[in-house]
Amino acid sequence: MTDTDQTIAPADHEISGRSIRLEDVTKRYPGQARPAVDGVTLEIPEGQVVMLVGPSGCGKTTTLKMINRLIEPSEGRIMLGDEDVTSIDGDQLRRRIGYVIQAGGLFPHMSVSQNIALVPKMLGWNKARITARIDELLELVGLDPDVYRHRYPKELSGGQQQRVGVARALAADPPVLLMDEPFGAVDPITRQRLQDELIRIQQEVRKTMVIVTHDFDEAVKLGDWIVVFRDSAQIVQYDTPERILAEPADEFVEDFIGSGAALKQLALRRVREVETIEAVVAPAGGDPTEALERAKQIGHNHVVVTDKRDRPIAWPSRRALSRMQQLPTELDPALPAVGSGATLNDALDTMLVSSAGACLVTGRNGVFEGVVDVETVMDAITAAREAAAERSTDAPVGTNTGTVAAVPAEDAEASADD
């Protein structure tokens, strides 16, 4: 996320997350010459999204699982706020930390409602409170409770299962959400939509999220901060996506970022940060002749067709409208739409498959907000590059025992004393 995203939050959504601190945390396995994780000290700010990236086998998933003690650390302390979680019951701890894995990790013999209700039931919530929470969370992750409440995982698509997995992790309103390759098992289009949904959800819930991913582009898109690990979870760089792209710490980080670093800068700006263009909007099933006349009067070449919940379902051209007897009532699976939390990179990708050379923008619950075109995106890219040249930021601390890593030069001396 951009610096703007980190410092400007919706006034009505206060931070509900808690800070996390790993202090000289090590994990050794019998028979292995080197620790899987070697003396990591890592500060994760409350209400922020921190992405853990690095090559396969570098220890990022082990680090994540030690936070909720699915894996017990061999040495060190793990603090959740002011509380040392290494000294409390592991099962009790895990009920206070949301956890999401690939494909949602749902229990196949339980309905959507039963899956989401698991932890609240363990905590002794009453039936009415649990029912209300289930419906609230299904709405939050973009699933209609009346449609999905009683379905089973086998009746859901991969993307829907992942949404339910996020809802289940948030069920007891935990301050911390851990996610291990959460979108790795879905197709690229669904992956983009789920990423957009997570960005939108985080704007509302303001949890502390720690996410493991092998995809650096995903880390840039989702993260307020990125930790780049090498073997044994040695921290090479811990910084904002913007700083890592502009100032990689060494050749290892440069190689991990890969080619096209300049293009990745597009992921630092959000669609919501640019001005949208108004469109001609018509209701599903309505009169195409009337919609066509309105488009001609305004000089627009397309009309956005929306359903009863103001969600776009089609975007026919004037030529297509002239051949219609009725406006569409079903969702066009190829509709070029992105969420307001999507990156400009996502928007450009979507525009490439759009005959209009633009894309639709949706907000909460998929409500139509406007149109973004190529010219608007290119102007925003130019402005972002100019702003990046002047912007600076302070990073949280990330170190391994005896070595300060991944902090800005001006903070290195202070961090070495930690």
Side-chain angles (χ1 to χ4, degrees), residues 10 139-144 147 159 188-190 192-197 199-201 203-204 266 269-384:
E139 290 281 2
L140 181 68
V141 299
L143 297 174
D144 186 342
V147 174
I189 294 176
T190 301
Q192 176 186 316
R193 291 173 179 170
L194 288 172
Q195 291 168 345
D196 294 346
E197 197 74 11
I199 292 167
R200 182 191 61 75
I201 290 170
Q203 283 186 284
E204 297 193 29
L266 295 179
R269 293 293 303 277
R270 304 289 172 188
V271 172
R272 63 171 173 263
E273 298 173 32
V274 302
E275 187 174 352
T276 57
I277 303 167
E278 292 186 5
V280 176
V281 179
D287 182 2
T289 303
E290 179 183 345
L292 178 59
E293 287 303 314
R294 288 171 53 209
K296 288 180 178 178
Q297 290 174 6
I298 299 175
H300 286 196
N301 292 320
H302 293 75
V303 170
V304 180
V305 180
T306 58
D307 63 14
K308 292 180 180 179
R309 299 175 68 178
D310 296 324
R311 299 174 300 187
I313 62 170
W315 199 18
S317 65
R318 281 160 48 171
R319 179 177 296 181
L321 287 167
S322 66
R323 299 192 297 265
M324 291 179 179
Q325 301 298 315
Q326 183 186 53
L327 290 177
T329 57
E330 300 293 330
L331 175 64
D332 176 3
L335 187 70
V338 296
S340 60
T343 67
L344 297 188
N345 196 21
D346 293 332
L348 281 177
D349 285 345
T350 302
M351 290 176 194
L352 290 175
V353 299
S354 169
S355 61
C359 64
L360 307 181
V361 179
T362 59
R364 185 178 181 187
N365 297 325
V367 173
F368 175 65
E369 292 189 345
V371 175
V372 168
D373 61 13
V374 172
E375 289 77 12
T376 301
V377 173
M378 297 309 295
D379 288 344
I381 292 169
T382 300

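Quantities reported herein were computed from a predicted structural model and do not represent experimental measurements. Excluded from the calculations below are hydrogen atoms, water molecules and symmetry mates; all remaining heavy atoms, backbone and side chain alike, are included.
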If you take all heavy atoms of W315 and S354, which pair is closest and at what distance? CZ3-OG, 3.9 Å

At their closest point, which heavy atom of E197 faces which heavy atom of L140, and how far apart are they? OE2-O, 3.6 Å

Qualifying ring-ring contact (aromatic ring centres under 6.0 Å, His included) pairs with a residue from residues 329-350, counting only residues at least two apart or across chains: none

Would you mind writing out the side-chain donor-acceptor pairs for residues 335-344 within the sub-3.5 Å range, not counting sequence neighbours?
| from | atom 1 | to | atom 2 | distance (Å) |
| --- | --- | --- | --- | --- |
| T343 | OG1 | N345 | N | 3.4 |
| T343 | OG1 | D346 | N | 3.0 |
| T343 | OG1 | D346 | OD2 | 3.2 |

Sorted by chain and residue number, the salt bridge (charged side-chain N to carboxylate O under 4.0 Å, His left out) partners of E369 (sequence neighbours excluded) come out as none

Among all residues two or more places apart in sequence or in another chain, which pass the side-chain contact (heavy atoms from CB on, under 4.5 Å) test with A320? P316, S317, R323, M324

Only distances under 3.5 Å count here; give the side-chain donor-acceptor pairs of residues 285-302 to other protein atoms, sequence neighbours excluded, each with its distance to 0.1 Å.
| from | atom 1 | to | atom 2 | distance (Å) |
| --- | --- | --- | --- | --- |
| D287 | OD1 | T289 | N | 3.0 |
| R294 | NH1 | V281 | O | 3.0 |
| R294 | NH2 | V281 | O | 3.0 |

Going by side chain to side chain donor-acceptor pair (under 3.5 Å), name the residues that satisfy it together with T190, two or more places apart in sequence or in a different chain. D187

Pairs flagged by side-chain hydrogen bond (donor to acceptor under 3.5 Å, both in side chains) wherever residues 326-336 is involved - sequence neighbours left out: none

According to ring-ring contact (aromatic ring centres under 6.0 Å, His included), does anything in residues 355-380 pair up with another residue at least two apart or in another chain? List the pairs. none

Atom of V304, atom of A279 and distance for their closest heavy-atom approach: CG2-CB, 3.8 Å

Under the side chain to side chain donor-acceptor pair (under 3.5 Å) test, which residues partner R311, sequence neighbours left out? D307

